[in-house]
Amino acid sequence: MGQLDSWSERINGWVDQGHFPGGVLDIRLDKRNRFQRAYGRLNADKLLPMELSTVFDSASLTKVVVTLPSILLLAQAGELDLSDSVQKFIPEFRHGQVTLRQCLMHSSGLPADLANRLERYTERGVFQEILEQELEYDPGTRTNYSDIGMILIGNIISRVSGQPLDKFAKQHIFDPLGMLDSTFRPPKAWQDRIAPTEWDGSRYIIGEVHDEKAFRLGGVCGSAGLFTTADDLSRYALSWLYPEEYPLLKPEWVKASLQALPEERGLGWQLWQGQEETLACGRLWSHGTFGHTGFTGCSLWIDPVRELVVVFMTNAVHFGREKPIRQLRPILHDRIFHDALQV
């Protein structure tokens, strides 16, 4: 995949333009070709280089790397059914018509977020506020991307398994797949390996989850909190590309998770079906491509037709929340797909 190295100049240019301090690109094409490269620095001071082993706050990638496979593993084991109501497991949740499947597909009727902006260091009972939310539309009638629904799913995983979400993920996902650099609440020994996220008014956030709801929930929840590396995410992607070869989800569960809806969502994942709106994977990728992004600047996309996996990790919020990473991702992915066809 040597021709993909031509992207180094472009990504370095984005770093020089201040779009993000640095990043890590990890590309797999079938089982024979792989490209890995780190770019730029960890932070604005440009003291430490970005490396392949850099650990990133993956933000909403938590939803598809931890929460989705965890609930599917419980369903696969017969511990629950995706048609079960949320209320069955969280009796204090008032909306009995909302199902696990609807939360995973972001069609639960729940709002995208809490109504009032959550300040990072202000004490608030986040989970109690979630339980008090009113539905904005009838469940199952449309989609509205919701952190709240995935936080509820994370809580259910803990209640059903009897383990905190982070412990369940380590035992059933990270350890079996060899994802040794994936964790919630990373240890202080990792500090120099972690890409700093946003300035909080007095310091850059390093090793603490960037998302305010996840922070108020102790750093572990179903919508955010996973710290990981590009290599670990690439390894995780293979379990979806070749499920018969990995000790995670059975192929039939993978297939069921990737059934397209009119709204172009499967269970957890975004699905590329040639829709008018360009997703982060761009426009050239095969129909049936699936992936997800994270607010901090990370993304994972998988093309099962071309057997192509692209992990692009950045700490774009280091320079603020108004970041062009959303516009840059489709450019990057379209070019990678074009070059991959030449291999």
Side-chain angles (χ1 to χ4, degrees), residues 24 26-28 30-31 34 36 52-82 100 104 150 153-187 189-190 193 219-258 266-269 290-292 294 298-302 304 307-311 313:
V24 177
D26 190 307
I27 305 170
R28 291 181 188 264
D30 56 52
K31 296 180 179 179
R34 191 172 187 192
Q36 296 173 291
L52 295 180
S53 60
T54 295
V55 175
F56 293 84
D57 178 344
S58 72
S60 284
L61 287 181
T62 305
K63 295 177 173 72
V64 293
V65 178
V66 173
T67 310
L68 174 64
S70 294
I71 200 74
L72 293 181
L73 283 170
L74 291 174
Q76 184 173 276
E79 297 293 324
L80 49 78
D81 192 285
L82 298 185
L100 308 186
L104 291 171
M150 296 301 279
I153 293 293
N155 185 271
I156 289 169
I157 293 164
S158 295
R159 294 190 187 207
V160 173
S161 69
Q163 292 181 288
L165 180 63
D166 56 338
K167 302 299 184 185
F168 185 91
K170 175 175 170 52
Q171 179 179 343
H172 296 280
I173 302 171
F174 304 154
D175 287 351
L177 295 180
M179 298 169 63
L180 304 181
D181 293 317
S182 297
T183 189
F184 292 80
R185 296 183 294 204
W190 289 20
R193 295 179 54 202
V220 181
C221 76
S223 67
L226 172 65
F227 285 77
T228 188
T229 61
D231 185 75
D232 271 10
L233 286 184
S234 180
R235 187 185 302 268
Y236 172 72
L238 294 180
S239 72
W240 283 82
L241 198 55
Y242 310 110
E244 65 282 352
E245 300 178 19
Y246 287 83
L248 196 63
L249 297 171
K250 296 177 181 177
E252 56 266 31
W253 283 93
V254 168
K255 182 179 179 180
S257 301
L258 302 174
L267 294 177
W269 298 101
F290 57 100
H292 211 283
C298 302
S299 61
L300 164 62
W301 285 93
I302 304 169
E307 298 180 67
L308 175 64
V309 173
V310 175
V311 179
M313 307 289 276

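Here, residue 1 is the first one in the sequence, and each next residue gets the next number.
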Colleague: State, yes or no, whether a side-chain contact exists between Ser182 and Leu226 at a heavy-atom distance under 4.5 Å.
Modeller: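 Yes, at least one pair of side-chain atoms sits under 4.5 Å.
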Colleague: Compare all side-chain heavy atoms of Thr62 with those of Met150 and state whether any distance is below 4.5 angstrom.
Modeller: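 Result no, sub-4.5 Å side-chain heavy-atom pair not found.
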Colleague: Go through the structure and list residues passing ring pair (Phe, Tyr, Trp, His ring centres under 6.0 Å) with Phe168, not counting sequence neighbours.
Modeller: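 Listed in chain order: His172.
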Colleague: Do side-chain atoms of Ser158 reach the backbone of Leu165 as a donor and acceptor pair under 3.5 angstrom?
Modeller: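 Looks like yes, one N/O pair under 3.5 Å.
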Colleague: Residues two or more places apart in sequence or in another chain: which of them pass side chain to side chain contact (heavy atoms under 4.5 Å, CB included) with Arg185?
Modeller: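 Partners of Arg185 under the side chain to side chain contact (heavy atoms under 4.5 Å, CB included) test: Asp166, Val220.
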Colleague: Hey, mind stepping through Met313 and Leu233 against side-chain contact (heavy atoms from CB on, under 4.5 Å) and telling me if it holds?
Modeller: CA-CA 10 Å; Met313 307 289 276; Leu233 286 184; 3.5 Å; yes
Colleague: Quick one: closest heavy-atom pair of Pro243 and Pro251, and the distance?
Modeller: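 In this case the closest contact between Pro243 and Pro251 is CG-CA, 3.9 Å.
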Colleague: Distance-only, no hydrogens or angles: does the Gln76 side chain make a donor-acceptor pair with backbone N or O of Lys250 under 3.5 Å?
Modeller: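 Present.
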Colleague: Evaluate the side-chain contact (heavy atoms from CB on, under 4.5 Å) criterion for residues Gln36 and Val24: first the C-alpha distance (whole Å), next the side-chain angles of each, then the deciding distance (0.1 Å), finally the verdict.
Modeller: CA-CA 7 Å; Gln36 296 173 291; Val24 177; over 6 Å; no
Colleague: Measure across Val309 and Ala237 and return the closest heavy-atom pair with its distance rounded to 0.1 Å.
Modeller: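 Closest heavy-atom pair between Val309 and Ala237: CG1-CB, 3.6 Å.
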Colleague: About how many Å separate OG1 of Thr228 and CE of Met179, when rounded to the nearest 0.5 Å?
Modeller: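 Output value for this atom pair is 4.5 Å.
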Colleague: Look up atom OG1 in Thr54 and atom CG in Asp231, then write down how far apart they are to the nearest 0.5 Å.
Modeller: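 Reported value, rounded in 0.5 Å steps: 12.0 Å.
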Colleague: To the nearest 0.5 Å, what is the distance between CZ on Phe227 and CZ on Phe56?
Modeller: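 So the CZ of Phe227 and the CZ of Phe56 are separated by 11.5 Å.
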Colleague: Looking only at heavy atoms, which two atoms of Ser161 and Ile157 are closest? And how far apart?
Modeller: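 Where Ser161 meets Ile157 most closely, the heavy atoms are OG-O, 2.7 Å.
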Colleague: I want to check something: taking the side chain as every heavy atom from C-beta on, are Val311 and Tyr236 in contact at a cut-off of under 4.5 Å?
Modeller: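 The answer is no; the side chains never approach within 4.5 Å.
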Colleague: For Pro186, does its backbone N or O pair with a side-chain atom of Thr183 as donor and acceptor, under 3.5 Å?
Modeller: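 Checking the backbone N and O of Pro186 against the side chain of Thr183, no donor-acceptor pair under 3.5 Å is found.
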Colleague: Under 4.5 Å between any side-chain heavy atoms of Val64 and Phe290, yes or no?
Modeller: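 Side-chain contact under 4.5 Å: no.
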Colleague: Quick one, Leu308 and Trp301 - any side-chain contact, counting heavy atoms below 4.5 Å?
Modeller: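 Leu308 vs Trp301: side chains apart.
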Colleague: Ile153 versus Leu68: any side-chain heavy-atom pair under 4.5 Å?
Modeller: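 No; the side chains remain at least 4.5 Å from each other.
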Colleague: Quick one: CD on Glu252 to OG on Ser257, what's the gap to the nearest 0.5 Å?
Modeller: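 The OG atom of Ser257 is 10.5 Å from CD of Glu252, to the nearest 0.5 Å.
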Colleague: Ignoring hydrogens, what is the shortest heavy-atom contact between Trp253 and Ala75? Give both atom names and the distance.
Modeller: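 For Trp253 and Ala75, the tightest heavy-atom pair comes out as CH2-CB, 3.5 Å.
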Colleague: Going through the checks in order, is the side-chain contact (heavy atoms from CB on, under 4.5 Å) test met by Tyr242 and Glu307?
Modeller: CA-CA 9 Å; Tyr242 310 110; Glu307 298 180 67; 2.5 Å; yes
Colleague: Return the minimal non-hydrogen interatomic distance between Ile302 and Trp269, and the atom names on each side.
Modeller: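 Shortest heavy-atom separation between Ile302 and Trp269 comes out as CD1-CH2, 4.4 Å.
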Colleague: If you define the side chain from C-beta out and look only at heavy atoms, does anything of Ile156 sit under 4.5 Å from Ile71?
Modeller: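 The answer is yes, as the side chains (C-beta and beyond) meet within the 4.5 Å cut-off.
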Colleague: Between OG1 of Thr67 and CG of Asn155, what distance do you get to the nearest 0.5 Å?
Modeller: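 Separation between the atoms: 11.0 Å.
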Colleague: Report yes if some heavy atom in the side chain of Leu249 is under 4.5 Å from a heavy atom in the side chain of Trp240; otherwise report no.
Modeller: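 Yes - at least one pair of side-chain heavy atoms lies under 4.5 Å apart.
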Colleague: Testing Leu177, Val254, Ile173 one by one against Ser239 for a side chain to side chain contact (heavy atoms under 4.5 Å, CB included), which residue passes?
Modeller: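 Answer to the side chain to side chain contact (heavy atoms under 4.5 Å, CB included) test with Ser239 among Leu177, Val254, Ile173: Leu177.
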Colleague: Taking Ser234 for the side chain and Ala230 for the main chain, is one N or O donor matched with an acceptor at less than 3.5 Å?
Modeller: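 Not confirmed, Ser234 side chain does not pair with Ala230 backbone.
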Colleague: Would Arg235 and Asp26 count as a salt bridge (charged side-chain N to carboxylate O under 4.0 Å, His left out) if you check the C-alpha gap in whole Å, the side-chain angles of each, and the deciding distance to 0.1 Å?
Modeller: CA-CA 10 Å; Arg235 187 185 302 268; Asp26 190 307; over 6 Å; no
Colleague: Nearest 0.5 Å, what's the OG-NE2 distance between Ser60 and His292?
Modeller: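 Taking OG in Ser60 and NE2 in His292, the distance rounds to 6.0 Å.
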Colleague: Do you know the tightest heavy-atom contact between Pro247 and Pro176?
Modeller: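 The answer is CG-O, 3.7 Å.
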